[in-house]
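All figures in this text were calculated on a predicted structure; none of them were measured in a lab. Atoms considered below: every heavy atom in the structure, side chains included; atoms not considered: hydrogens, waters and symmetry mates.
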Amino acid sequence: MAAPIQRLAQMSYKFFSGQTRSNDLVTKETLHPLIHTLNEIKAEDLNFDPNEIIVRDKALIKVGRKVAPVSCMTVLQNSEFTLAVFVVKSGGSLPLHDHPHMFGLLKVISGSVQITSYTKVDPQSLPPDVEFTRSSPHIVTVKRNQDVVLAESDHCCFLSPSEGNFHEIKPLTDVAAFLDILAPPYNNTDRDCSYYKELPVQSPSPTQKDIRWLEEVGQPCSYWCDVIRYKGPSLNSKD
């Protein structure tokens with residue numbers, strides 16, 4: 001019998017390969033079997049122990065080494081999707097970034113996180129009293145969504161190319177870890193990661209509500225990842 005993470009990889013390939021990758025065919029409803037499987041995944045299914053990261057980081061600090069605010073463990077990566085675990089330490093975060101033309105499912109497997117997300121909107125659809133004077137191809141008009149707090153007992157978070165595609169993830173515990181499915185994966189052409197900052201809003205109009213503007217910036221110097229090794233059940237690109 002396949003291990004839970006092997007079943008998750010099999011289902012990910014089924015749902016995100018070939019024509020099923022079309023935005024019109026991939027919805028939260030059609031992904032229900034995959035989401036159900038992901039919601040059952042636990043840290044032990046990956047042979048992942050967050051305490052090992054804590055012990056390792058303490059040892060690095062003891063010898064004067066810098067500790068990465070985020071650690072990344074690639075579980076499986078192919079041309080269709082990426083399975084990876086991100087470990088975010090206290091004081092660190094995955095800074096505000098985007099997933100261009102991508103779907104994302106995020107399941108916390110240790111600790112808890114807060115997700116701040118934004119959905120892109122068409123500026124032409126806004127009421128006439130919502131104005132922003134700065135015009136730049138590096139500024140995106142968005143709607144800020146309600147923040148979400150997730151712990152390992154919660155179901156996964158679903159993000160689509162049109163909903164919540166810009167987000168920031170902060171830990172609410174000393175160490176928080178989550179399993180991420182991204183489909184299709186980043187590449188160096190039309191799906192490269194960009195970083196943003198929310199611009200301050202002065203004298204918002206009554207109809208502005210949650211409308212915000214994000215400005216593209218370089219990768220924050222406070223953010224960097226180190227790599228941890230996946231030690232779970234064996235997988236291959238079509239598992």
Side-chain angles (χ1 to χ4, degrees), residues 1-50 72-88 94 97-115 117-120 145-167 169 176-187 190-191 193 230-239:
M1 180 180 293
I5 189 62
Q6 292 171 329
R7 292 198 298 272
L8 182 68
Q10 291 167 358
M11 296 189 74
S12 296
Y13 191 84
K14 173 184 176 181
F15 281 101
F16 292 123
S17 64
Q19 294 301 315
T20 59
R21 199 167 56 188
S22 166
N23 288 6
D24 295 334
L25 298 176
V26 179
T27 66
K28 193 171 184 179
E29 289 69 31
T30 60
L31 290 179
H32 177 74
L34 176 64
I35 290 173
H36 176 76
T37 302
L38 176 58
N39 286 337
E40 298 297 315
I41 294 290
K42 303 182 185 306
E44 50 263 35
D45 295 321
L46 304 165
N47 290 334
F48 170 74
D49 182 357
C72 178
M73 178 174 73
T74 299
V75 177
L76 178 63
Q77 183 168 0
N78 55 42
S79 61
E80 311 292 347
F81 63 90
T82 299
L83 276 174
V85 171
F86 289 89
V87 185
V88 192
L94 266 69
H97 62 285
D98 62 358
H99 295 290
H101 315 297
M102 299 159 72
F103 292 88
L105 295 102
L106 184 158
K107 175 67 176 75
V108 174
I109 58 173
S110 180
S112 61
V113 301
Q114 176 177 298
I115 304 174
S117 69
Y118 305 79
T119 296
K120 186 176 181 179
N145 303 315
Q146 184 174 356
D147 286 359
V148 174
V149 172
L150 295 178
E152 53 194 287
S153 59
D154 293 314
H155 288 177
C156 69
C157 176
F158 173 74
L159 305 169
S160 77
S162 59
E163 292 291 332
N165 199 254
F166 302 80
H167 62 251
I169 304 170
F178 60 89
L179 176 61
D180 214 20
I181 304 177
L182 287 179
Y186 285 115
N187 59 28
D190 62 328
R191 293 190 305 277
C193 181
Y230 170 64
K231 298 186 291 184
S234 62
L235 304 170
N236 61 56
S237 62
K238 292 190 179 182
D239 257 348

Is there side-chain contact between [X] and [Y], with at least one heavy-atom pair below 4.5 Å?
X	Y	value
F81	L76	yes
M73	F48	yes
I5	V75	yes
I169	Q114	no
L38	I35	no
D45	L8	no
L105	D180	no
I181	T82	no

Are Y186 and H99 close enough that their ring centres sit under 6.0 Å apart?
yes
Rounded to the nearest 0.5 Å, what's the gap from [atom1] on [X] to [atom2] on [Y]? Could you check?
X	Y	atom1	atom2	result
I115	L150	CD1	CG	4.5 Å
I109	F86	CD1	CZ	12.0 Å
L31	K14	CG	NZ	11.0 Å
H97	F166	NE2	CZ	11.0 Å
F16	L182	CZ	CG	9.0 Å
S110	K42	OG	NZ	12.0 Å

Go through it in stages, so that I can follow the logic: the residues are V85 and Y230, the test is side chain to side chain contact (heavy atoms under 4.5 Å, CB included), and I'd like the CA-CA distance, side-chain angles, deciding distance and then a yes or no.
CA-CA 9 Å; V85 171; Y230 170 64; over 6 Å; no
Applying side-chain contact (heavy atoms from CB on, under 4.5 Å), name anything that partners E40, two or more places apart in sequence or on another chain.
H36
Nearest heavy-atom pair of [X] and [Y]: which atoms, and what distance?
X	Y	result
A2	R7	O-NH1, 2.7 Å
L34	S12	CD1-OG, 3.6 Å
S234	Q6	O-NE2, 3.0 Å
G164	L159	O-CD2, 3.5 Å
Y13	S17	O-OG, 2.8 Å
P184	M102	O-CE, 3.2 Å

Check the side chains of S160 and N165 for a donor-acceptor pair under 3.5 angstrom, ignoring hydrogens and angles.
no
Keeping to residues at least two apart or across chains, list the salt bridge (Lys or Arg N to Asp or Glu O under 4.0 Å) pairs with something in residues 145-154.
R144-D147
Check salt bridge (charged side-chain N to carboxylate O under 4.0 Å, His left out) between K231 and all other residues, then give those that pass, not counting sequence neighbours.
E52
Is the side chain of N78 donor-acceptor paired with the backbone N or O of E80 at a distance under 3.5 Å, no angle test?
yes
Intermediate values then yes/no, side chain to side chain contact (heavy atoms under 4.5 Å, CB included), L94 and V88:
CA-CA 8 Å; L94 266 69; V88 192; 3.6 Å; yes
Test side chain to side chain contact (heavy atoms under 4.5 Å, CB included) on C156 and L106; report intermediate values, then the result.
CA-CA 5 Å; C156 69; L106 184 158; 5.8 Å; no
